[in-house]
Structures are given as C-alpha cells and as structure tokens.
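Ligands are counted one by one from 1 in listed order, and the atoms in each one are counted from 1 as well. Note that the numbering runs from 1 along the sequence shown for the chain.
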Amino acid sequence: MVNNINTRCDLMLFGALGDLAQRKLFPALYQLDRAGLLAEGSRVLAIARTEADTPTVRKQLFDRLKHHVKDAEFDADVANSFLERVDYQLLDFNDPDGYEALKAWRDTPANELIVYMATPPSMYGVIARNLKAASCCNEKTRVVVEKPIGHDLESSKVINDELGAVYNENQLFRIDHYLGKETVQNLIALRFANNLFASQWDQNHISHVEITVAECVGIEGRWGYFDQAGQIRDMVQNHLLQLLCLIAMDPPADLSADSIRDEKVKVLKALKQITPDIMDRYVVRGQYTAGTSDGKPVPGYLEEEGANKGSDTETFVALKAEIENWRWSGVPFYIRTGKRLPEKLSQIIIHFKPAPHYIFDPDQKHLANNKLIIRLQPDEGMSLKILTKDQGLDKGMRLRQGPLELTFSETFETDRIPDAYERLLWEVMKGNQYLFVRRDEVEYAWRWVDQVIRNWKDSGEPPKRYAAGTWGPVASIAMITRDGRSWYEDA
Ligand code: BG6
C-alpha cells in the first residue's frame with residue numbers, strides 16, 4: 001500500500017467538461033491543493049470531446065470553481081495556481097490514434113498515473129483498450145470509474161470484464177461517493193474502536209435498524225438517465241447497500257481494503273431473497289406527483305422537463321432487508337430513499353432492545369429502548385438516546401429520554417468537513433483501495449437488486465403515488481407499522 005503524501009501524480013480526467021467533473025472533481029482537486037496535499041509537480045490532463053484550448057478551459061474552470069466552491073473557501077490566487085497544473089486535450093474517445101497526444105503529455109513517467117473515467121460506463125472498455133494500445137498505461141496505473149457499473153448483474157459483468165481485460169483488480173477504484181463521507185467512515189471507528197457498541201451489536205441487543213437517505217430535489221435535468229435507472233438502481237444498489245454492509249459486517253481482521261471488503265461481501269451474500277410471495281410486505285415503490293418543496297409548488301415526476309408521461313419509474317423505495325446469519329437473524333433493516341421528500345437527510349437509527357425486565361411506570365414502557373442515531377448529513381454527528389429520571393421532587397421515578405450528543409463540527413471544532421470526493425481522490429493518490437468497491441461487491445449487490453426489479457416487472461404493478469414534499473407513499477408507513485414499529489420521524 002502506497003502511503004506517501006508526496007506522491008506526484010498525473011491525473012488523466014476523461015469527461016472533464018461534464019457535470020460531475022465541474023461540480024465535484026475540480027472543486028475537490030482545488031481543495032486538496034489549497035490544503036497543500038497535491039504534491040509539487042502533480043498535473044491534470046482534462047480530456048473531453050469539445051473543441052477548446054488550454055487557456056479557454058482554464059478560464060472556464062476558474063468560473064466553475066468560483067461558482068461551486070463556497071465564498072469563504074475560494075481564493076483566486078490558489079485557484080489560478082491550481083489551474084496552472086491543468087492542461088486540456090480534445091479527444092474522440094473512440095479514436096485510437098488520438099491517444100498518441102495523451103502519451104506525449106505524459107513526459108514525466110515518474111509521476112503516478114491516475115486515469116479517471118467521468119464518462120458514461122459504456123465508454124470504460126473503449127478508453128481502457130485505447131489507453132493500452134497507445135502504451136498510455138501499465139500495471140501500476142490506477143483507474144477510477146464511477147457508478148453505475150451496469151444496470152443489472154449481466155451488464156455489470158460486461159463492464160467489469162472489459163476493465164478486467166486491461167487492468168488488475170488492485171488497479172481499479174470503483175467509486176461509491178458515500179464511502180468518502182466523513183460520517184460513513186466513522187461507522188468503522190464507531191463500531192470497532194468502541195467495545196461499548198461492539199459488544200452490543202447483534203440480534204441479542206438490537207431489535208431493528210433504519211436507514212433513511214432522503215433528498216428534497218427532484219430529477220431536474222437528469223430525467224433521461226434517471227428514468228432508465230429509477231431509485232433502486234440509482235441509490236439502493238450502491239449507497240444504501242454499502243451503508244447496510246458497514247452497519248452489519250463482522251469485524252475485519254485489519255483495516256486493509258480486502259479485509260473490509262471480504263466482510264462486506266459476506267453481508268451481501270447473506271441478504272434474504274425477496275421472493276414474489278413476500279414482495280408486498282417487503283417492498284414499496286413510489287413516484288412523486290406535484291406538491292411542494294421548500295414551500296414552493298413543484299411539478300410531479302411525469303411533468304418534469306423531458307418526461308415520458310407514461311413512465312412507471314420509481315422515485316422512492318422502501319424495503320425490509322433481512323440478513324440471514326447468526327449476528328442478524330430476526331433483525332430487520334428498514335431502508336428508504338426517495339426524491340422530493342420533505343428534507344435532505346441521511347441517517348441510520350439503531351434501535352436497541354429494551355432491558356429484560358421493566359420496573360418503571362407501565363405508561364412509559366414505549367420509551368424503554370435506547371436508540372443510536374447516526375447523522376450522515378446534514379449536521380454530521382451521533383446522538384445516543386438514553387433514559388434518565390426526570391428532575392424534580394414531584395416527578396418520582398418518571399423516565400425521560402435524553403440525548404448524549406456528538407456533533408462533529410462543534411465537538412472537534414472542525415471548520416469544514418471535506419467533501420466525499422476530496423477524500424476519495426486523496427485515497428486514490430495514496431493508492432488505498434479500502435474506500436472503493438470491489439467487483440464481487442458490485443455483483444452481489446446487483447444480484448439482490450435484480451430479483452426485486454424482476455418481481456416488479458412480473459407483477460406489472462405501477463408505483464404508488466406520493467405528493468412531492470411528503471415522506472413517500474403511505475404504504476411505506478404501513479410496511480413498518482405492520483411489524484409494530486414506526487419510521488423514526490413519525491415516532
Ligand atoms: C448520486 C445519485 O449517486 O447520489 C443522485 O445518482 C443522488 O441521484 C446523489 O442525488 C445523492 O448524493 P448526496 O451526496 O447528495 O447524498
């Protein structure tokens with residue numbers, strides 16, 4: 001494992017003028033440079049199909065940085081000196097001859113070469129082959145690819161095979177940006193550095209787990225992509241299942257990439273199949289109709305710009321996942337995610353079982369289980385709900401639930417929490433794969449998600465409607481209430 005912060009890198013960024021690169025990747029590189037983490041001599045080759053020259057692209061990138069970086073964090077001198085590292089290369093990704101120009105740019109082979117494909121996945125194979133044919137990469141090159149890796153198990157195998165024909169698995173960095181979020185990494189510290197939790201983390205002590213990833217945005221300009229994917233492919237197959245794995249996995253032997261990924265794969269393999277006979281109790285899919293967001297009226301999914309009015313694509317999914325192993329037998333993981341929900345919120349709630357014998361006021365029995373709330377965004381932190389006696393002579397032994405609170409920004413006085421892409425790019429530069437997804441993880445996740453999608457198709461049932469600005473179809477509340485529980489906000 002390379003762990004040298006002074007590593008000089010040459011980053012070839014394919015799709016450099018696209019939305020992801022401009023919104024996330026260049027701002028992340030700028031922040032790394034601002035923090036002094038880009039080694040002297042590190043360079044970026046921005047590659048795209050648009051006719052332009054380096055000065056024009058630098059100017060455009062400067063404007064985009066100014067737009068996407070917070071005012072307080074934007075420094076024009078730092079931006080200009082960062083952009084000195086950036087060159088532009090026009091390239092038709094399909095044209096093998098064009099790659100000679102990339103080879104010419106790479107005149108300092110001592111720099112670690114990183115290839116970042118911020119392109120549609122259908123281009124990964126052709127870029128990989130052309131880079132190899134032009135001798136633009138070798139067995140040390142690190143290759144970063146974005147999701148989605150395919151739209152089902154079969155298509156993901158094709159993409160992984162194409163990449164695998166040129167690169168070894170230890171060269172491939174498959175991004176799931178949730179793994180770069182500070183609080184997501186903290187799940188590993190929380191679970192395995194605190195015996196208090198480690199010793200309670202199983203079916204003897206936990207009754208159920210909730211994972212919510214809610215967004216208030218709709219589909220906006222991404223209708224074409226999103227309608228082919230839907231919320232289950234866009235969010236569940238990757239981000240939600242990764243969160244579930246980090247919560248559910250057994251302790252890895254060490255922090256190496258493969259030890260962690262081996263444990264995550266075991267969880268994915270143990271996920272109970274959701275067969276057609278249990279679909280209506282285990283899965284709810286929804287699609288938003290017109291409603292409000294942030295107090296303003298917003299259109300429904302089918303009225304968004306470019307929409308196909310007959311689309312049955314889901315913008316909301318709630319699922320009950322069960323893990324068939326010793327640690328989690330009988331502990332449901334309720335997961336839900338959707339667009340146009342009332343707020344942007346990602347959180348995990350661990351519901352502990354009540355104490356074995358309850359001796360307090362019977363009317364307060366519903367309070368008698370501890371909850372650990374892990375806030376991934378916004379306001380990153382954790383809160384442990386514990387029971388104490390209410391204050392005052394007149395209160396007797398009345399119970400009260402209060403939080404033990406840890407808000408990262410306050411407790412650790414951090415002025416800023418780095419964006420996920422900063423962390424991920426930084427780890428690629430160091431050559432650490434532990435925050436990236438291995439081929440078998442992608443494939444087991446698809447295997448599980450595919451069966452749900454197949455069942456939906458076979459049933460022919462349309463998604464249930466929910467008004468924008470609400471917490472999804474009422475059926476998702478019914479799904480959890482049927483088990484005698486409620487989503488945390490509803491409690
Ligand atoms: C992306 C999805 O992977 O994650 C988007 O494609 C979604 O649809 C986004 O909006 C959410 O990421 P975050 O970091 O804003 O929660």
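- Between Phe82 and Phe62, a ring centre-to-centre spacing not shorter than 6.0 Å is recorded.
- For the residue pair Lys464/Gln287, the side-chain donor-acceptor check at 3.5 Å is not satisfied.
- Every atom of ligand 1 with a heavy atom of Lys344 under 4.0 Å away is listed here by number and element: 13 (P), 15 (O), 16 (O).
- Ranking the protein heavy atoms by distance from atom 16 (O) of ligand 1 puts Tyr178 OH, 2.5 Å first.
- A donor atom on one side chain and an acceptor atom on the other are found under 3.5 Å apart for Tyr334 and Arg485.
- With distances taken over non-hydrogen atoms, the option nearest atom 8 (O) of ligand 1 out of Met235, Gln231, Arg222 is Arg222.
- Within ligand 1, counting atoms from 1 as listed, the ones closer than 4.0 Å to a heavy atom of Asp234 are 2 (C), 5 (C), 6 (O), 8 (O).
- Neither the backbone nor the side chain of Phe226 comes within contact range of ligand 1; no heavy atom lies under 4.0 Å.
- In this structure, of Lys339, His177, Glu146, the residue bringing a heavy atom nearest to atom 4 (O) of ligand 1 is His177.
- Judged by distance alone, the side chains of Ser259 and Tyr434 never bring a donor and an acceptor atom under 3.5 Å apart.
- The option with the heavy atom closest to atom 11 (C) of ligand 1, from among Lys24, Glu215, Lys181, Gln377, is Glu215.
- Less than 6.0 angstrom separates the ring centroid of Trp328 from the ring centroid of Phe333.
- Classification of the Phe197-Phe352 ring pair by plane angle, with boundaries at 30° and 60°, yields parallel.
- With Trp446 as the aromatic partner, Arg233 does not meet the cation-pi criteria of under 6.0 angstrom to the ring centre and within 45 degrees of the ring axis.
- Per-residue contacts place His239 under 4.0 angstrom from the following atoms of ligand 1 (heavy atoms of the residue considered): 1 (C), 3 (O), 4 (O).
- Within the listing of ligand 1, atoms 1 (C), 2 (C), 3 (O), 6 (O) sit less than 4.0 angstrom from a heavy atom of Lys147.
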